[in-house]
Asker: 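I'd like to ask some things about the structure below.
Side chains included, hydrogens not; waters and symmetry mates left out as well; all remaining heavy atoms used.
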Amino acid sequence: QVQLVESGGGLVQAGGSLRLSCGASGRTSSSYARGWFRQAPGKERELVATINWSGGSTYYADSVKGRFTISRDNAKNTGYRQMNSLKPEDTAVYSCAARYGLRRYAKADDFDYWGQGTQVTVSS
């Protein structure tokens, strides 16, 4: 199993930036893909971005493309989510996820392990 612990998040003004981290522990010697999701109040959870084991393949939702970047440092067992040009509509609880496998995965149901989530609030 993989345990995920998130850090970062908080309150930022529109146009600002935040960096979220997601540390992994447990059976991290096996290859695992990462995902990044968010859920705003009253809305369904949505995919933000995903990345494959090597970090060479990424996918972004249209709503964040060009503003957010997902990356990973496997030597440190840590995933990173850089969020720039934040908008009030980016306000949500952001969660990292993982599952064993080499490729990139697209849906929340594809992922087996989840972080505790972290609140990101963007003020206008």
Side-chain angles (χ1 to χ4, degrees):
Q1 289 190 346
V2 174
Q3 292 80 45
L4 302 174
V5 177
E6 304 195 49
S7 59
L11 174 65
V12 64
Q13 287 189 331
S17 298
L18 280 175
R19 190 191 198 202
L20 308 182
S21 298
C22 179
S25 61
R27 191 164 67 91
T28 57
S29 58
S30 297
S31 303
Y32 58 95
R34 286 181 176 267
W36 184 17
F37 296 82
R38 68 183 180 185
Q39 187 166 19
K43 294 187 177 181
E44 293 187 354
R45 182 169 54 191
E46 65 171 337
L47 171 68
V48 178
T50 62
I51 188 169
N52 73 335
W53 160 245
S54 69
S57 178
T58 57
Y59 169 84
Y60 296 93
D62 288 341
S63 58
V64 306
K65 200 173 295 183
R67 301 187 297 123
F68 290 10
T69 302
I70 188 171
S71 61
R72 63 190 298 165
D73 184 338
N74 290 339
K76 296 182 178 180
N77 292 319
T78 301
Y80 303 99
R81 288 74 52 81
Q82 179 67 40
M83 304 186 291
N84 298 329
S85 303
L86 283 161
K87 305 175 181 179
E89 51 264 42
D90 293 320
T91 295
V93 175
Y94 285 75
S95 299
C96 62
R99 66 152 289 160
Y100 291 113
L102 294 174
R103 66 177 179 88
R104 180 169 46 79
Y105 295 88
K107 306 186 303 293
D109 289 346
D110 290 333
F111 291 88
D112 300 312
Y113 309 106
W114 292 82
Q116 79 276 18
T118 186
Q119 177 71 45
V120 171
T121 303
V122 184
S123 63
S124 56

Asker: Determine whether the side chains of R38 and Y94 contain a donor N or O and an acceptor N or O closer than 3.5 Å.
Answerer: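 Y94 and R38 do have a side-chain donor-acceptor pair below 3.5 Å.
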Asker: Using 0.5 Å steps for rounding, measure from the CD atom of Q13 to the OG atom of S123.
Answerer: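 Spacing of CD (Q13) from OG (S123) equals 5.0 Å.
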Asker: Determine the minimum heavy-atom distance between Q3 and G26, stating which atoms define it.
Answerer: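 What the structure gives for the nearest pair is OE1-CA, 3.5 Å.
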Asker: Is it true that F68 and V120 fall in one hydrophobic cluster, defined by side-chain heavy atoms closer than 4.5 Å?
Answerer: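 Yes, F68 connects to V120 through the hydrophobic network.
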Asker: Distance-only, no hydrogens or angles: does the R34 side chain make a donor-acceptor pair with backbone N or O of G55 under 3.5 Å?
Answerer: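 Flag not set: sc R34 to bb G55 has no pair under 3.5 Å.
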Asker: Check whether E6 reaches the backbone of C96 with its side chain - one donor and one acceptor, N or O, closer than 3.5 Å.
Answerer: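 Yes; at least one donor-acceptor contact below 3.5 Å.
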Asker: What heavy-atom pair brings V48 and V64 nearest, and what distance separates the two atoms?
Answerer: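 Closest approach of V48 to V64, heavy atoms only: O-CG2, 3.6 Å.
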Asker: Taking all heavy atoms of G10 and all of L18, pick out the closest pair and write down the distance.
Answerer: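 For G10 versus L18, the nearest heavy atoms are O-CD1, 4.1 Å.
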Asker: I'd like to know if the side chain of T91 and the backbone of P88 have a donor-acceptor N/O pair within less than 3.5 Å.
Answerer: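 Yes: the side chain of T91 pairs with the backbone of P88.
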Asker: Return the OG to CG distance between S29 and N74, rounded to the nearest 0.5 Å.
Answerer: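 These two atoms lie 12.0 Å from each other.
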Asker: Output yes when K107 and D110 qualify as a salt bridge under the 4.0 Å nitrogen-oxygen rule, no when they do not.
Answerer: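 Between D110 and K107 there is a salt bridge, with a charged N closer than 4.0 Å to a carboxylate O.
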Asker: Just wondering, do S17 and Q82 contact through their side chains at under 4.5 Å, heavy atoms?
Answerer: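 In short, these two side chains touch, coming nearer than 4.5 Å.
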Asker: Check the surroundings of atom NZ in K43: do more than 12 heavy atoms from other residues, nucleotides or ligands lie under 6.0 Å from it?
Answerer: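 No - once you tally the heavy atoms of other residues, nucleotides and ligands closer than 6.0 Å, there are 12 at most.
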Asker: Nearest heavy-atom pair of A97 and F37: which atoms, and what distance?
Answerer: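 That closest heavy-atom pairing would be CB-CE1, 4.1 Å.
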Asker: What about Y113 and Y32, are their ring centers closer than 6.0 Å?
Answerer: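 No; Y32 has its ring centre 6.0 Å or more from that of Y113.
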Asker: Enter the distance from I51:CD1 to R103:CZ here, rounded to the nearest 0.5 Å.
Answerer: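 Answer rounded to 0.5 Å: 15.0 Å.
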Asker: Nearest 0.5 angstrom please: S21 OG to R81 CZ, how far?
Answerer: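 That separation rounds to 7.0 Å.
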Asker: What are the two closest heavy atoms between W53 and S30, and how far apart are they?
Answerer: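 That would be CZ3-O, 4.2 Å.
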Asker: Are R45 and W114 in a cation-pi setup, meaning NZ or CZ lies under 6.0 angstrom from the ring centre and within 45 degrees of the ring axis?
Answerer: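 Here R45 passes the 6.0 Å and 45° test against W114.
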Asker: Could you check whether any side-chain heavy atom of T69 comes within less than 4.5 Å of a side-chain heavy atom of Y60, counting everything from C-beta outward?
Answerer: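 T69 reaches Y60 side chain to side chain.
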Asker: Could you go step by step and tell me if D112 and Y100 meet the side-chain contact (heavy atoms from CB on, under 4.5 Å) rule?
Answerer: CA-CA 8 Å; D112 300 312; Y100 291 113; 5.7 Å; no
Asker: Ignoring hydrogens and geometry, is there a side-chain-to-backbone donor-acceptor pair from D90 to V122 under 3.5 Å?
Answerer: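 Flag not set: sc D90 to bb V122 has no pair under 3.5 Å.
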Asker: Find the distance between CG (L4) and OG (S25) and round it off to the nearest 0.5 Å.
Answerer: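 Taking CG in L4 and OG in S25, the distance rounds to 7.5 Å.
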Asker: Please find the pair of heavy atoms, one from F111 and one from G35, that lie closest to each other, and give the distance.
Answerer: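 Of all heavy-atom pairs spanning F111 and G35, the closest is CE2-N, 3.4 Å.
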Asker: Using a distance-only test with no angle check, is there a side-chain donor-acceptor pair under 3.5 angstrom linking R104 and S57?
Answerer: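 On atom types as modelled, these side chains qualify, holding a pair under 3.5 Å.
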Asker: Side chains of D73 and T78: donor-acceptor distance under 3.5 Å anywhere?
Answerer: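 Side chains of D73 and T78: no pair found under 3.5 Å.
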Asker: Would you check if N52 and Y105 make a side-chain contact, meaning some heavy-atom pair closer than 4.5 Å?
Answerer: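 No; the side chains remain at least 4.5 Å from each other.
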Asker: Find the distance between CH2 (W36) and CG (L20) and round it off to the nearest 0.5 Å.
Answerer: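 It is 6.0 Å, given to the nearest 0.5 Å.
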